[in-house]
Trainee: 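Starting off with a structure, shown below.
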Amino acid sequence: MEEKKLDLNSIIGFVLIFGILAYMLWQNQPTPEELEAQEKAKQEQIAAEQKANADQETAVTTAADYNTGSGIDSLKQIELKNKLGAFAYSAIQSKGGETVVESDLFKLKFSSKGGYLSEVQLKEFVNYDSIPIYLIQDKNASFNINFGTTDSRILNTQDLPFIPEVTKNGDVTVVSMKLKVSESKFLEYRYEIKEGDYMIDFAVRSQGLGDVINSASQINLDWKLKGYRHAKSISYENRYTDIHYEYEDGKDNYTGARDADKDLDDVTWIGFKQHFFSSVLLTDKAFKTANIKSENLVDDETIDTVYTKAFAAKMPLALQGGEINESMDWYFGPNDFDVLNAYDRNLDELVPFGWGIFGWINRYIFMPLFSFLGGFMPYGIAIVVMTIMVKILLSFVQYKQFLSQAKMKILKPELDEIREKYKNNKMKAQQETMALQTKAGASPMAGCLPALVQLPVFYALFQFFPSAFDLRQKSFLWVDDLSSYDTIAELPFNIPFYGSHVSLFPILASIAIFFYMRLTTGQNMQSQPQQEGMPDMAKMMKYMMYFSPIMMLFFFNNYASGLSLYYFISNLISIGIILVIKNFILDEDKIHAQIQENKKKPKKQNRFQKKMAEMMEQAEQQQKAQQKRK
């Protein structure tokens, strides 16, 4: 069989064909004008597709789009009529989707299904992981009105289709979500969003539904929310996450961090409070009754968890002339004392400054002082400066306390002699001890009273720093966030009550407390007389000297680093004050001489001392009488 070969003529033919094709392609290539026209057409097509997608996702707000018969066939209309009754009209008109509205503070989404806010983003804030703060997102919240109709249906607004309409009035954006029976009959949720304002005006009203809503059945408003985790330590955040409320003409209270189920009367606002952010429903006319519930959603604090607590509130609504007419407000925003206080609606109670005198100290002393200092210096430095100022103010109290301990130390030998002399007569020993202390001007109570004076300040600051919104995400030295714990090392395991990380400020504060207690406990041990049959006070104080720092090390490892910073600086200053008092101010020889002079002077007893002396004398007489009977 002869082998086929490619001859010269075939090669020339292929070359010619290729050349002709190349010439034709070159001749038919588009001109620059044609290329520009093609690109323009392409861009117009992309824009049209984007607009079509947006129309599907966001509800259109023009009245022309709400005409009857928007693509739903007659069989579907009959089905909707059987299911929803008069409100089938709204289902036919609604196009579904979400309506997006933005202000300088919010990005909001309103769902056509239910008419409620399906997303609330606070634009100025991010969480511990730099993710935007969402109070509502991905169906973590619901708002529902449950009511009966005159045709024997029970309906829930959260399942029904609303028709949105958005209008602008200067800086105010009005979002109207209507559940329609006809164009003139509807149930409306009306939201007014103002620039620079975390408070959203909110009204629920019906028009022309007197013959649709069954006035004989109860109408209930149900509001639920699962709080998103926003902080690094979920256990710490959960400690400050609960329900706050105002009731009975201005009273306020809260459920606390534990699970709760409470019935309330005359409620004017309910706040689902998280550590630094809150969602609050306020009403102009008090709800006659309300039931609130709180449930902890954190089973294991070592596991990364999405939610902190689940909140629920249920309130009955009253009809007025057969219609619903409720004027309310929504607050979605930070638990910033200045922001909340500016509304003058008692919302500042969301900030847990403490009760009684502790709250008073925080509101009128520490909060203004800290705001002033933070206005012109870093917040870490502001904590240090405020701590110094507080310690200087309390230095006189500390001096009195140390002076009392020094007097008791000098009197200790004489007190021990009295106890030895009257070891078989404890009543007489107490009388002589009191008489000596009164003449010398020394008393154990004199050392306790200054410590009691410091307690309100101590507890007030313990409440203040975890509640100070200004500390949130403010850095200082190695600390990223003064409102949360600092971390110098991550542990590969979890230590019960301590955590899986190591914080430096609690370690420094614990060391400072140890040396402070060593100074003060040493003074106390030397001044304490030994009493027969009583526990060894020296041993107890020694145990406390070691136990207190260890307890603080564990307790504060998950607390705000700003609080640990305060205790560290506070104890350093206290150590310095004691050393100055001990080495440069107090002279034990002078104190001893003064005590001896006091002994010579007649000492007038106060009412308390007289009463105690009389009681002791009566007790001694009764004891002697009993001994004679025996």
Trainee: Heavy-atom count check: over 12 atoms from other residues, nucleotides or ligands less than 6.0 Å from Asp159 CG?
Mentor: yes

Trainee: Donor-acceptor pair, distance only, cut-off 3.5 Å: does the side chain of Asn127 make one with the backbone of Ser130?
Mentor: yes

Trainee: Should the ring pair Phe505 and Phe476 be called parallel, tilted or perpendicular, given that the plane angle runs from 0 to 90° and is split at 30 and 60?
Mentor: parallel

Trainee: Please check if the distance between the ring centroids of Tyr343 and Tyr331 is under 6.0 Å.
Mentor: yes

Trainee: Are Asn146 and Asn220 linked by a side-chain donor-acceptor pair shorter than 3.5 Å?
Mentor: no

Trainee: Can you find a side-chain donor-acceptor pair between Gln274 and Thr241 that sits under 3.5 Å?
Mentor: no

Trainee: Roughly how far apart are Phe372 CZ and Leu369 CG, rounded to 0.5 Å?
Mentor: 8.5 Å

Trainee: Tell me whether His275 contacts the main-chain N or O of Pro466 through its side chain, where contact means a donor paired with an acceptor under 3.5 Å.
Mentor: yes

Trainee: If I take atom OH from residue Tyr254 and atom NZ from residue Lys262, how far apart are they, to the nearest 0.5 angstrom?
Mentor: 9.5 Å

Trainee: Mind running side-chain contact (heavy atoms from CB on, under 4.5 Å) on Val181 and Leu209 for me, showing each step along the way?
Mentor: CA-CA 8 Å; Val181 168; Leu209 299 187; 3.6 Å; yes

Trainee: Donor-acceptor pair, Asn144 side chain versus Gln158 backbone, under 3.5 Å?
Mentor: yes

Trainee: Could you pull out the closest heavy-atom pair between Ser564 and Pro506, with the gap in Å?
Mentor: OG-CG, 3.7 Å

Trainee: Could you check whether any side-chain heavy atom of Met367 comes within less than 4.5 Å of a side-chain heavy atom of Asn362, counting everything from C-beta outward?
Mentor: no

Trainee: Does the Glu188 side chain pair with the main chain of Ser206, one donor and one acceptor, at a distance under 3.5 Å?
Mentor: no

Trainee: Please check if atom NZ in Lys168 has more than 12 non-hydrogen atoms from other residues, nucleotides or ligands closer than 6.0 Å.
Mentor: yes

Trainee: Between Thr157 and Ile145, is there a donor-acceptor pair closer than 3.5 Å when you use the side chain of the first and the backbone of the second?
Mentor: yes

Trainee: Can you tell which of Leu117, Val175, Ile136, Thr173 makes a side chain to side chain contact (heavy atoms under 4.5 Å, CB included) with Leu108?
Mentor: Leu117

Trainee: Charged N to carboxylate O below 4.0 Å: is that the case for Asp284 and Arg345?
Mentor: yes

Trainee: Atom CZ of Phe332 and atom CD1 of Ile200: how far apart are they, to the nearest 0.5 Å?
Mentor: 6.0 Å

Trainee: Asp480 vs Asp486, test: side-chain contact (heavy atoms from CB on, under 4.5 Å). Steps then yes/no.
Mentor: CA-CA 7 Å; Asp480 296 325; Asp486 64 294; over 6 Å; no

Trainee: Show your reasoning for whether side-chain contact (heavy atoms from CB on, under 4.5 Å) applies to His501 and Asn557.
Mentor: CA-CA 8 Å; His501 65 276; Asn557 195 59; 3.3 Å; yes

Trainee: Side-chain contact test, heavy atoms from C-beta onward, threshold under 4.5 Å: evaluate it for Val212 versus Leu187 and give yes or no.
Mentor: no

Trainee: Does a sphere of radius 6.0 Å around NZ in Lys185 hold more than 12 heavy atoms from other residues, nucleotides or ligands, not counting ones at 6.0 Å or beyond?
Mentor: no

Trainee: Does Thr150 offer a backbone N or O that forms a donor-acceptor pair with the side chain of Asn214 under 3.5 Å?
Mentor: no

Trainee: Decide if the gap between the ring center of Tyr189 and the ring center of Tyr116 is smaller than 6.0 angstrom.
Mentor: no

Trainee: Less than 6.0 angstrom from the centroid, inside 45 degrees of the normal: does Lys180 satisfy that with respect to the ring of Phe186?
Mentor: no

Trainee: Verify whether one side chain among Ser483 and Asp481 offers a donor that lies under 3.5 Å from an acceptor in the other.
Mentor: yes

Trainee: Could you measure the distance from the CD1 atom of Ile154 to the OG1 atom of Thr149? Nearest 0.5 Å is fine.
Mentor: 7.0 Å

Trainee: Is it the case that the side chain of Ser111 and the backbone of Gly115 share a donor-acceptor pair, with hydrogens and angles ignored and the cut-off at 3.5 Å?
Mentor: no

Trainee: So which of Trp223, Trp269, Phe272 actually passes side chain to side chain contact (heavy atoms under 4.5 Å, CB included) with Leu281?
Mentor: Trp223

Trainee: Decide if the gap between the ring center of Phe276 and the ring center of His230 is smaller than 6.0 angstrom.
Mentor: no

Trainee: Within the 3.5 Å criterion, strictly below it, is a donor on Glu98 or Ser118 matched to an acceptor on the partner's side chain?
Mentor: yes

Trainee: For Trp330, which of Phe202, Tyr198, Phe106 qualifies under ring pair (Phe, Tyr, Trp, His ring centres under 6.0 Å)?
Mentor: Phe202

Trainee: Should we say atom CG of Leu491 is surrounded by more than 12 heavy atoms from elsewhere, each under 6.0 Å from it?
Mentor: yes

Trainee: Can you list the steps and then say if Phe462 with Tyr567 is a ring-ring contact (aromatic ring centres under 6.0 Å, His included)?
Mentor: CA-CA 9 Å; Phe462 179 79; Tyr567 285 129; 7.1 Å; no

Trainee: Tell me whether Glu237 contacts the main-chain N or O of Ala231 through its side chain, where contact means a donor paired with an acceptor under 3.5 Å.
Mentor: yes

Trainee: Check this for me, if you would: do Lys309 and Asp259 make a salt bridge, where the nitrogen-to-carboxylate-oxygen distance has to be below 4.0 angstrom?
Mentor: no

Trainee: When you look at NZ of Lys194, are more than 12 heavy atoms from neighbouring residues, nucleotides or ligands closer to it than 6.0 Å?
Mentor: yes

Trainee: May I ask you to decide whether Lys293 forms a salt bridge with Glu295, counting only side-chain N to carboxylate O separations under 4.0 Å?
Mentor: no

Trainee: Output, in order, the C-alpha distance, side-chain angles, deciding distance and verdict of side-chain contact (heavy atoms from CB on, under 4.5 Å) for Ile219 and Leu319.
Mentor: CA-CA 8 Å; Ile219 302 171; Leu319 293 175; 3.4 Å; yes

Trainee: Using a cut-off of 6.0 Å, state whether more than 12 heavy atoms not belonging to Asp344 lie near its atom CG.
Mentor: no

Trainee: Taking C-beta and beyond as the side chain, do Ile495 and Phe554 meet within less than 4.5 Å on heavy atoms?
Mentor: yes

Trainee: Should the ring pair Tyr245 and Tyr247 be called parallel, tilted or perpendicular, given that the plane angle runs from 0 to 90° and is split at 30 and 60?
Mentor: tilted

Trainee: Any chance you could measure Asp348, atom CG, to Asn341, atom CG, to the nearest 0.5 Å?
Mentor: 4.5 Å

Trainee: List the steps and the verdict of side-chain hydrogen bond (donor to acceptor under 3.5 Å, both in side chains) for Glu183 and Tyr89.
Mentor: CA-CA 9 Å; Glu183 286 303 310; Tyr89 180 90; 2.8 Å; yes

Trainee: Which value, rounded to the nearest 0.5 Å, describes the distance between Glu326 atom CD and Arg205 atom CZ?
Mentor: 13.5 Å

Trainee: Could you tell me whether Glu349 and Arg363 make a salt bridge, using a distance below 4.0 angstrom between a side-chain N and a carboxylate O?
Mentor: yes

Trainee: Would you mind reporting whether Met328 and Leu221 have side-chain heavy atoms less than 4.5 Å apart?
Mentor: yes

Trainee: Please check if the side chain of Ser467 supplies one atom and the backbone of Pro352 the other of a donor-acceptor pair under 3.5 Å.
Mentor: yes

Trainee: Is the charged tip of Lys232 near the ring of Tyr485: under 6.0 Å from the six-membered ring centre and within 45° of its axis?
Mentor: yes

Trainee: Between Asp104 and Glu195 (side chain of the first, backbone of the second, donor and acceptor by atom type, cut-off under 3.5 Å), is there such a pair?
Mentor: no

Trainee: Is the ring centre of Phe469 less than 6.0 Å from the ring centre of Phe125?
Mentor: yes

Trainee: So, Phe464 versus Phe370, ring centres under 6.0 angstrom or not?
Mentor: yes

Trainee: Side chains of Phe162 and Lys113: does their closest heavy-atom pair fall under 4.5 Å?
Mentor: no

Trainee: Say whether His244 and Asn253, considering side chains only, have a donor N or O and an acceptor N or O under 3.5 Å apart.
Mentor: no

Trainee: With a 6.0 Å cut-off on ring centres, are Phe353 and Phe366 close enough?
Mentor: no

